[in-house]
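Each remark here refers to the structure printed beneath this line.
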Amino acid sequence: MPHIADPALPGEVIYTPEGRPGIGALREMVSELWDSRELTWRLFLRDYSVRYRQTFLGYVWAVLPVVLTVGTFTWLNRMRVLPVAETELPYPVFVLLGTTVWQLFAGGLTAATQSLVGAGSLISKVKFPREVLVVSAFGQSLVDFAVRAVLVAAFFAAFGIAPAWTILAVPLALLPLCGLCLGISFFTALANGLVRDVGQMVPVVLTFWMFLTPVVYPLPSSGPAAMLRFVNPVAPFVVAARDLSTRGYLSEPVSYAAACGIGMVVFLLGWWGFHTVEPRLAERI
Amino acid sequence: MSREVAVHVEGVSKKFCRQLRQSVVYAAADSARELLSLPIPRQRLRSGEFWAVRDAEFELYRGECLGLIGANGAGKSTVLKMLNGILRPDTGRIRLRGRVGALIEVGAGFHPMLTGRENVYVNGAILGMSQRELEKKFDSIVGFSGLSQEALDAPVKTYSSGMHVRLGFAVAAHSDPQILLVDEVLSVGDLEFVGRCRRYISQLLAGGAAIIFVTHRLHEVELMCERAMLMRDGEIVMQGPARSVVDTYRAGDEGADGARPLNATWGVEGGTAPHIKRLRVLDASGAEPETFEVGSWALLEIELERLGPDFEGELFFGLSCVDRRLVTAAAAVPWGTVARLAPQGTLRCRIRLMAIPDEYQLYVRVHGDREFDYLDQATSRSFQIVPGGKGAPYLPGGTRAEALLELHVDGE
C-alpha cells in the first residue's frame, strides 16, 4: 500500500487512514509508552487507591483467596482425597508458592482483559495511548503479588524453612511471565471490547489452565504429563519460583529458558498487534 | 497580517455501521487486514454502512474561533473526534499544528470514588499534563472551578453535574491548548460559570489559539465566532461569516430541524417567555438620532413584558451592519441581572458604538437557557455611525471584529 511519505513539520500531527508501517511503528510504540509513563503511574495509583476503599477487610482480600486455596488443598491432601506425589517442601508451603505465582498471571490477565471495557467514556472521549489502561490494570496484580509475598514469608517462618538467597531473584525471574501475561492481555482486552464473550471465557480457560500448571502438584518427570513443561508456558515459571525460593538453583533451566523466550515473543506480538489495531477497535468499544 | 494555519483538513471522510453485529464483523475483518498489511476497502460503503462525515475540507487559523452547527447526527462530533485523534479518518488527511485540547466530555475519567483533589491529578495526567505542571497549577485550577475546599476533598460521586463540569473544565482549561475543540460543554454550568468559560475562550483566542466550537445554542456562535460551518448529513454545506451561516440554518432550509420561534413551547410549560415590547436607541438628550459618532455612547431603552423571575436565560445584544447582515459585535446579559435591574420592565443600558462608519441596527434577543433558538427579538431603527472627533475605532488585533460593543447596564 502506498504510504504517503509526507514528513510532518516539527510540532505537527498528521492523521491519515493508514497507521505507520514497519520500524516507524516500533519507534512510535516505544516513545508513546515512555511519554505516558506518568499517566500509567497515575492510573495505577487511581485503581490501587480505589480498589479497597469501600471495604472493611481491605488488603486481606488479596490474601484470603490464597489462604483458602492452600487450606482446601492441604486438607484434601491430608484426607487422601487428592493425593499428590511427595513434595520436598511441606505441602502448604508448596501450594502457597505455586498459587502466588499462578495468581500473578491469572489475576493480571483477568483484570487487564476488562481494562478497556471498564474504562467507560474515557476511551470514546479522550485521546491517550490505550496501552496505558492494560498495563496499569495489570499493575494491580503486582501489588497483590507483593502482599502475598508477606504471606509467603510468614509461612516460611511458621514451617521453619530457610529460604535460599536466590529468593531475591524471583521477581526478576518472573518478568517474562509478566510479559506473557501482558501480551495475552493486549489481545484479550481488545477482543473483549469487540465481543464480550472473551471476558466471560477468560476465567473459564484460566480454571482449566491452573490444573494444567503445577500449582498444587509437582511436575512429573516422566509420562505424558511431563510434556506440560514445554506445552504450558506458565509451568516453568512456577517451578522456577519454587526452585529459587528454596533450592537456590534452577532444576529445569531448558524449559524455563524456552518459556522466557515465549513470554517475550508473545509480549512483543501482543503489543504490536494492539498498537496496530487499537485505533480501529477503540471506536467500537 | 499573515495568518497561520493551525488545522488543515482535506478530503476527510468517516463511515459508521449502525448494526452492532455487522460493525463487529467489519471491525474484525479490517483489523485482520491491517495486521496482515492487506488493503482495506475504505472508499466504498459495505452493506449497512453510511458516511458519518463525507469529504470534509476546511482550514482553521490561529486566533480564530470557528463555529460548527447543524442538526443532531449531522457529523459535528465525529469531525471533532477525528481532529482529536480519537477516531481515525477513513479517507483524507488532517494536519494539526499545536497542542490539542478538547472539551468534548469534560471530566471523562473522573473516578466517582476518588476525591476531587485526586481526580484533578488523574484527569490532568490523562490530558497530558505532567506531575510538576499540575502541582504548579493546582491552586489556579481549584480557583477556576470555584469549588470549596470541603467539596474538593469529597468523593466525586457526591458532586452535582454542575460541579462535575466545573472541575472538569477547570482541569482542561489549564492544559494550555493551542487548538481547542469544544463540544456542547458550556450548556451545563450556571450562567456565572458560562461567563467565566467565555472569558477564558476569548483569552485563548487573543493568545493566538485556534478554536472549533460545536453547539446548538446558535447565539453563542454569533457571540464567539467570526466564521461558521454548517453540516448536514455528514457534509459541510456552508462555510462563511458566522451570522450568515447561522441565519441560513435558522431560515429553515434545513428541513424539519430548522429553527422556529419557541414561544409556544415555553407557554405550554407554564408561564410565558419574556417579550420585548420596544427597543429604542437614544442619545444623551433622550432623542432618537439618526447618526452617532464613532466611539460615542448610546442609551438603550428596552421595554420588557413578562419578566418571569424563574426564567433562565440571557438577553443578547447584537450590532449588525444593515446591508451585510453580518454580526459585527455582540454581548449578553444573564436574565437574573435583567430581572433584578428592571423590576418595572424597563431596562436601560449604555452602549458604546465602536464600529467602522456605516449603517447599523441594534437588535436584542431573549434566549432561553436550553432552547435551541431565541424566544423573542426586537430590532432598533437603523442609524448611521459616522467618523467623529474621537478618531478611528480601536479594534484589537485588527482582524477579529469590525466593531466592538461595550455594554454597561445601569445599576450594575
In Å and rounded to the nearest 0.5 Å, what is the OG to CG distance from B:Ser23 to A:Leu194? 7.5 Å
Cut-off 4.5 Å, heavy atoms of chain B, and the answer for A:Leu39 is both
Side chain to side chain, A:Tyr15 and B:Leu96, heavy atoms closer than 4.5 Å: yes
Heavy-atom pairs under 4.5 Å with chain A - which of B:Leu87, B:Leu127, B:Ile126 has more of them than the others? B:Ile126
Tell me whether the count of non-hydrogen atoms from other residues, nucleotides or ligands lying under 6.0 Å of CH2 in A:Trp41 goes above 12. no
Pair count under 4.5 Å, heavy atoms only, with chain B: among A:Val132, A:Val50, A:Val195, highest is A:Val50
Taken in chain and number order and not counting sequence neighbours, the residues that satisfy side chain to side chain donor-acceptor pair (under 3.5 Å) with A:Glu32 are none
Between atom NE2 of B:His8 and atom CD1 of A:Ile14, what is the distance when rounded to the nearest 0.5 Å? 10.0 Å
A:Val13 and B:Arg95: CA distance, side-chain angles, deciding distance, side chain to side chain contact (heavy atoms under 4.5 Å, CB included) verdict: CA-CA 6 Å; A:Val13 179; B:Arg95 285 163 162 259; over 6 Å; no
Nearest heavy-atom pair of A:Arg130 and B:Ile86: which atoms, and what distance? NH2-CG2, 4.0 Å
Taking all non-hydrogen atoms of both residues into account, name the closest pair between A:Val277 and B:Ser31 and its distance. CG1-OG, 3.2 Å
Rounded to the nearest 0.5 Å, how far does CD of A:Glu278 lie from CZ of B:Arg88? 8.0 Å
Heavy atoms of other groups near A:Phe187 CZ, more than 12 under 6.0 Å: no
How long is the gap from NE2 on B:His111 to CG on A:Leu43, to the nearest 0.5 Å? 10.5 Å
When the 4.5 angstrom heavy-atom criterion is applied to B:Ala27 and chain A, the contacting part is both
Of all heavy-atom pairs between A:Arg42 and B:Ala125, which one has the smallest distance, and what is that distance? CG-CB, 3.6 Å
Relative to chain A, which segment of B:Glu118 carries a heavy atom at a distance below 4.5 Å: side chain, backbone, both, or neither? side chain
B:Gly92 and A:Pro17: which non-hydrogen atoms are nearest, and at how many Å? O-CD, 3.2 Å
Greater than 12 external heavy atoms within 6.0 Å of A:Tyr48's OH: no
Within residues 74-85 of chain B, which residues come under 4.5 Å of chain A, heavy atom to heavy atom? B:Lys81, B:Met82, B:Leu83, B:Asn84, B:Gly85
Checking B:Ala28 against chain A: side chain, backbone, both or neither under 4.5 Å from a heavy atom? both
